[in-house]
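Please read these numbers as outputs of a predicted model, since none were measured by experiment. Note that these values count all heavy atoms, side chains included, but never hydrogens, waters or copies made by symmetry.
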Amino acid sequence: MFTGIVEEMGSVQVLQRSGNTARLAVQATVVREGLRIGDSLATNGVCLTVEKIEPEKLWLWMMPETLKSTTLGKLQPGQRVNLERALQLDGRLGGHIVSGHVDGVGTLRNVSGVGEERVLTFGIPTPLARYIAPKGSIAIDGISLTVVDAGAESMSVSLIRHTLAVTTLSTLGKGDEVNLEVDLLARYLDRLMSSRESTPGLTLERLSELGY
């Protein structure tokens with residue numbers, strides 16, 4: 001699990017494809033500390049396994065589903081990526097709980113803002129709209145953000161100067177794609193509510209009593 005608080009921006013060195021799988025090599029400094037082979041590393045919001053650690057590179061393994069469902073297969077050498085090591089049980093949860101399992105790909109539609117604030121509007125896959133609500137949480141390329149507005153086909157987030165400085169969002173242009181992960185609580189609550197008809201006694205009041 002992750003928090004959506006980016007630790008550093010790494011630099012893509014190599015993307016090697018082999019059939020329907022691939023290996024990604026990134027250059028990084030901060031996340032190397034304590035990292036071991038087999039550990040998980042969130043890369044633009046995608047949970048990848050560290051396959052090899054070299055003095056100048058971290059090698060990460062990508063399965064067919066990763067290449068199919070995320071933007072990682074389109075990375076180019078020199079491109080920056082958001083990196084975060086897995087959450088430690090004694091660490092702070094500064095963002096929100098992020099699994100690193102991407103739900104869909106969004107597309108940047110518009111950038112606006114006044115002064116140092118920026119508002120980014122993304123087109124989203126229609127099936128994800130039900131999980132995205134104003135003031136709710138969303139992970140965009142692995143960054144924990146708060147939703148400003150949400151509709152059937154789009155959503156917007158507001159960015160402060162710090163977020164723009166330490167993540168890749170400042171480099172996005174119109175039409176660029178991003179990895180989206182909806183809030184885990186929203187996903188499971190929707191599943192519970194969809195089973196109301198087949199689960200006697202499951203009501204909004206009962207879910208409230210359970211802490212949802």
Side-chain angles (χ1 to χ4, degrees), residues 1-12 15 22-28 30-31 35 39-51 58-76 79-88 91 93-109 118 120-125 127-129 131-132 136-147 150 154-159 162-173 175-188:
M1 305 297 288
F2 307 92
T3 69
I5 303 299
V6 173
E7 295 186 274
E8 75 171 307
M9 287 187 286
S11 176
V12 174
L15 178 62
R23 297 171 73 223
L24 175 67
V26 297
Q27 186 178 48
V30 175
V31 298
L35 201 66
D39 283 351
S40 296
L41 184 68
T43 307
N44 274 4
V46 186
C47 179
L48 298 180
T49 299
V50 178
E51 182 189 38
L58 298 174
W59 287 90
L60 307 165
W61 182 258
M62 295 190 288
M63 299 296 288
E65 182 63 23
T66 302
L67 296 172
K68 175 184 176 182
S69 304
T70 77
T71 64
L72 295 192
K74 299 178 182 179
L75 291 174
Q76 300 294 324
Q79 190 169 344
R80 308 300 293 273
V81 288
N82 300 311
L83 301 176
E84 181 192 353
R85 290 166 293 185
L87 172 66
Q88 293 182 318
L93 183 59
H96 71 282
I97 296 176
V98 177
S99 69
H101 302 157
V102 171
D103 293 301
V105 173
T107 304
L108 182 62
R109 289 185 176 179
R118 290 293 179 270
L120 274 58
T121 300
F122 295 90
I124 60 174
L128 297 188
Y131 306 112
I132 303 173
S137 297
I138 185 81
I140 300 179
D141 272 352
I143 307 160
S144 175
L145 297 168
T146 300
V147 178
S154 66
M155 55 153 287
S156 62
V157 294
S158 180
L159 308 179
H162 176 75
T163 304
L164 290 168
V166 301
T167 74
T168 61
L169 292 185
S170 63
T171 67
L172 293 179
D176 285 347
E177 294 181 329
V178 293
N179 298 311
L180 302 175
E181 182 185 332
V182 300
D183 185 51
L184 281 171
L185 180 58
R187 184 188 304 162
Y188 286 116

What is the distance from atom [atom1] of [X] to atom [atom2] of [Y], rounded to the nearest 0.5 Å?
X	Y	atom1	atom2	value
Ser99	Met1	OG	CE	5.5 Å
Leu120	Leu172	CG	CG	6.5 Å
Thr71	Asp176	OG1	CG	10.0 Å

State, with a plain yes or no, whether a side-chain heavy atom of [X] is found less than 4.5 Å away from one of [Y].
X	Y	answer
Gln79	Leu15	no
Leu180	Ile140	yes
Thr43	Leu83	yes
Leu58	Val31	yes
Val50	Leu60	yes
Leu108	Val178	no

If every non-hydrogen atom of [X] is compared with every non-hydrogen atom of [Y], which pair is closest and at what distance?
X	Y	value
Ile132	Leu128	CG1-O, 3.5 Å
Val157	Thr146	CG1-O, 3.7 Å
Ala129	Ile124	CA-CD1, 4.0 Å
Asp141	Asn82	O-ND2, 3.0 Å
Ala150	Val147	CB-CG1, 4.1 Å

Only counting residues at least two apart or in another chain, list the ones meeting side-chain contact (heavy atoms from CB on, under 4.5 Å) with [X].
X	result
Val98	Phe2, His96, Ala139, Glu181
Leu72	Asn44, Val46, Leu48, Met62, Thr66, Thr70, Leu75, Asn179
Ser156	Val119, Thr121, Val148, Asp149

With sequence neighbours excluded, residues passing side-chain hydrogen bond (donor to acceptor under 3.5 Å, both in side chains) with [X]:
X	answer
Ser11	Gln13
Ser154	none
Ser137	none
Ser69	Glu65

Examine distances only and state if a side-chain atom of [X] and a backbone atom of [Y] form a donor-acceptor pair shorter than 3.5 Å.
X	Y	value
Glu8	Ala28	no
Asp183	Tyr131	no
Glu84	Gly4	yes

Is atom CD1 of Ile97 surrounded by more than 12 heavy atoms (other residues, nucleotides or ligands) closer than 6.0 Å?
no
The criterion is salt bridge (charged side-chain N to carboxylate O under 4.0 Å, His left out); which residues satisfy it with [X], sequence neighbours excluded?
X	result
Arg23	Glu51
Asp103	Arg187
Glu177	Lys74
Glu7	Arg85

